[in-house]
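When reading the values below, keep in mind they use all heavy atoms of this one structure, side chains included, and skip hydrogens, waters and symmetry mates. Counting convention: from 1, in listed order, for ligands and their atoms alike.
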Amino acid sequence: MIESREDYNKHYKHSVDNPRKYWQEYSKNFMWKNSPEKILSWNFNDPDIKWFEDGTLNITENIFERNIKNKDDTAIIWEANNPSESNKEYTYSELFDEVCTFANVLKKNGVEKGDRVIIYLPMIPEAAISMLACARIGAVHSVVFAGFSANSLSDRINDCSAKVVITSDGNFRGSKVINVKGVVDEALKNSDCVKNVLTVMRTGSDIDMVKGRDLWYHEESKLVDNICTAEEMTSEDLLFILYTSGSTGKPKGVVHTCAGYMLYAQFTFENVFQYSRGDTYWCTADVGWITGHSYIVYGPLLTGAKTILFEGVPTYPDASRFWKVIDKYKVNQFYTAPTAIRALQSYGEKFIRDSDLSSLKVIGSVGEPINEEAWNWYNDNVGKNNCPIVDTWWQTETGGIMISPLPNIIDCKPTYATLPLPGIQPVLLDNQGNEILENNVEGNLCIKYPWPSILRTTYGDHNRCRETYFSTFKGYYFTGDGARRDENGYYRILGRVDDVINVSGHRIGTAEVEDAINLNKEVIESAVVGFPHEIKGQGIFGFIIIKESEKEIDYFSSIRETVNKYIGPIAKPDQILIVPGLPKTRSGKIMRRILRKIASNQFDNFGDISTLLNPDIVEKIISNYKKLSK
Ligand code: 7RM
């Protein structure tokens with residue numbers, strides 16, 4: 001673990017001067033079946049990246065067998081949605097039993113190494129257990145956030161030809177009960193690869209069970225024992241697929257492999273949260289996102305930490321819930337998203353006043369840029385000006401935290417993610433692809449050397465991986481983000497420079513939303529852009545051309561419902577403007593920068609619009625916008 005600024009400088013220098021040696025040394029902390037000799041081979045053109053290629057291991061052995069002497073430490077504390085329901089705690093040895101049992105149920109139903117398993121679960125212990133069970137037997141998990149629609153779920157099931165879907169009979173979320181099993185049933189109408197649906201009982205809801213296909217987990221688990229030897233995996237075997245949105249087309253399956261991901265998850269967890277044995281750590285993300293994978297499940301458990309898995313939402317029963325949970329468990333490290341901070345701030349300080357937050361040592365932020373006001377509120381009211389804030393920048397594709405302060409080692413600066421972790425070589429490129437070497441500049445954020453948990457491919461479509469991340473700037477991994485570097489070399493992430501909208505820390509592609517909107521039968525064409533939103537960071541603004549209609553139609557509700565149905569509630573537009581046309585170039589491309597300006601209430605400095613096919617349309621859209629906002 002890095003312990004001082006001097007130490008950081010030494011680590012960083014070593015990691016850049018001799019990356020192979022740096023990571024080889026770190027790899028010795030792990031339990032290998034075959035120790036690797038070949039540390040790294042790579043090129044960013046294909047791309048083809050291999051870490052510890054000739055090593056073999058199993059990540060769950062590095063969680064359970066490696067840390068066997070701490071087997072009675074608490075691994076997971078599960079806090080239910082409803083505070084009056086009792087929590088559950090698992091020691092490492094109890095968790096190990098659960099994982100092996102679950103793994104045996106999968107095996108019994110024909111799941112083998114390399115098979116894909118979709119996990120569509122609420123935040124219950126089985127979410128983590130089933131991920132680890134897949135890893136134990138070498139099956140590839142793909143967790144789908146349980147808020148996605150049947151249509152989004154079936155796209156993912158089909159894209160990776162999953163053999164099994166793991167779900168539950170329901171999801172307690174705030175005051176609602178959501179029928180997740182019903183969503184699975186609906187999704188499977190469009191999939192024929194799935195042999196079994198394994199259903200965990202959670203809510204006791206009345207659900208349909210399809211004979212021959214659907215199995216209750218609690219029945220299956222009685223038929224197996226709790227001993228399961230770990231499958232021997234090579235370092236570059238797939239560990240998981242996680243779907244994420246990009247600027248074009250459907251979400252793509254980001255692929256992470258066993259060893260590199262494992263090393264980097266533990267390395268970043270230890271250093272960024274400065275976790276010590278006995279601490280209680282809480283990340284509020286959902287396991288359906290990469291943050292949940294790396295910083296609820298894999299990073300903490302590899303480290304032998306005590307990690308809280310929270311089923312509920314920040315505002316149920318009321319806006320004091322987070323603070324009460326911190327108080328209840330004396331949480332030492334707390335990791336959440338700016339959107340949650342802003343939402344809770346908006347309820348006022350009375351909800352936080354009565355909780356004792358003095359156990360906190362480090363507080364973190366992830367998912368989107370944190371604005372200065374939210375940073376200050378977090379610092380004053382949660383950290384009590386006494387906890388470093390780790391503003392961690394990273395992505396699904398990077399697997400782990402890339403740029404972040406290290407608590408009490410690298411000074412924080414509001415809105416700045418600050419400095420790269422060891423092994424990470426960020427650069428800013430101008431639009432021509434030249435590295436900008438000075439400080440006090442902005443540019444396209446790229447990384448010029450591989451780190452252990454860089455994505456390896458996008459599932460089933462390697463070309464797409466190359467095109468998306470390795471073609472814009474030859475020889476670099478392109479993040480899709482813009483960044484600024486200050487006079488001290490600190491990085492501030494400015495947000496996406498592509499057609500991705502970051503709504504409450506969730507990435508949503510404009511193309512995806514437009515495709516959904518266009519499925520509404522009243523719609524001829526649409527264009528969506530992001531615009532500043534007080535709580536969500538960015539909201540979704542849709543410009544819509546509609547068919548002529550005799551009827552009175554509530555387009556706002558109708559379009560939101562369509563998007564809800566095809567993607568899920570997180571992608572519903574916040575604003576809709578009916579327009580007579582869209583600003584298009586001669587080649588038919590929508591000029592989104594104009595729409596982005598209008599959506600954020602700015603009507604000048606449109607730049608060069610002479611290449612527009614229909615320059616008059618701009619004034620017409622503005623006039624409709626002004627009518628709408630009145
Ligand atoms: C971990 C995660 C990735 C995108 C990324 C950025 C944005 C994430 C920060 C941030 C500013 C941060 N993975 N982003 N963290 N922007 N400061 N600390 O969120 O794949 O879902 O999203 O999120 O735009 O490219 S993600």
| query | More than 12 heavy atoms of other residues, nucleotides or ligands under 6.0 Å from NZ of Lys589: is that the case? | reply | no
| said: Would you say that more than 12 heavy atoms from the other residues, nucleotides or ligands in this model lie under 6.0 Å from the NZ of Lys448, or not? | reply: no
| query | With a 4.5 Å limit on heavy-atom distance, are the side chains of Trp394 and Thr291 in contact? | reply | yes
| note | Between Arg507 and the options Glu512, Glu368, Glu397, the salt bridge (Lys or Arg N to Asp or Glu O under 4.0 Å) test singles out Glu397
| said: Surrounding CD of Glu534 (heavy atoms of other residues, nucleotides or ligands, distance under 6.0 Å), is the total greater than 12? | reply: no
| Of the listed options Gln395, Glu368, His506, Met402, closest to atom 17 (N) of ligand 1 (non-hydrogen atoms) | Glu368
| request: Report yes if some N/O of Gly367 lies less than 3.5 Å from some N/O of ligand 1; otherwise report no. | output: yes
| Distance from atom 6 (C) of ligand 1 to nearest protein heavy atom, with residue and atom | Asp481 OD2, 3.1 Å
| said: For atom 22 (O) of ligand 1, what's the nearest protein heavy-atom neighbour? Residue, atom name and distance, please. | reply: Arg507 CD, 3.1 Å
| said: Which residue and atom name correspond to the protein heavy atom nearest atom 1 (C) of ligand 1, and how close is it? | reply: Trp394 CE2, 3.4 Å
| message | Under a 3.5 Å cutoff, is there a donor and acceptor pairing between the side chains of Asn564 and Arg560? | response | no
| query | Mind checking whether Tyr295 and Phe269 have parallel, tilted or perpendicular rings, split at 30° and 60°? | reply | parallel
| task | Any atoms of ligand 1 less than 4.0 Å from a non-hydrogen atom of Ile290? List them with their elements. | result | 1 (C), 13 (N)
| message | If you take the nearest heavy atom of each of Ser365, Gly495, Pro369, which one is closest to atom 16 (N) of ligand 1? | response | Pro369
| note | If we number the atoms of ligand 1 from 1 as shown, the ones under 4.0 Å from a heavy atom of Thr392 are 9 (C), 12 (C), 15 (N), 18 (N)
| Best match, Val500, Thr291, Thr396, Leu242: closest heavy atom to atom 26 (S) of ligand 1 | Thr396
| note | Counting from 1 in the order shown, the ligand 1 atoms closer than 4.0 Å to a non-hydrogen atom of Val366 are 1 (C)
| field | Parallel, tilted or perpendicular: rings of His293 and His141 (30°, 60°) | value | tilted
| field | Asp391 neighbourhood, listing ligand 1 atoms whose heavy-atom distance to it stays under 4.0 Å | value | 12 (C), 17 (N), 18 (N)
| field | Side-chain donor or acceptor of Arg484 paired with backbone N/O of Glu442 under 3.5 Å | value | no
| query | Relative to the heavy atoms of Asn502, which atoms of ligand 1 are at a distance of less than 4.0 Å? | reply | 7 (C), 23 (O)
| Test of proximity, Thr244 against ligand 1: N or O pairs below 3.5 Å | no
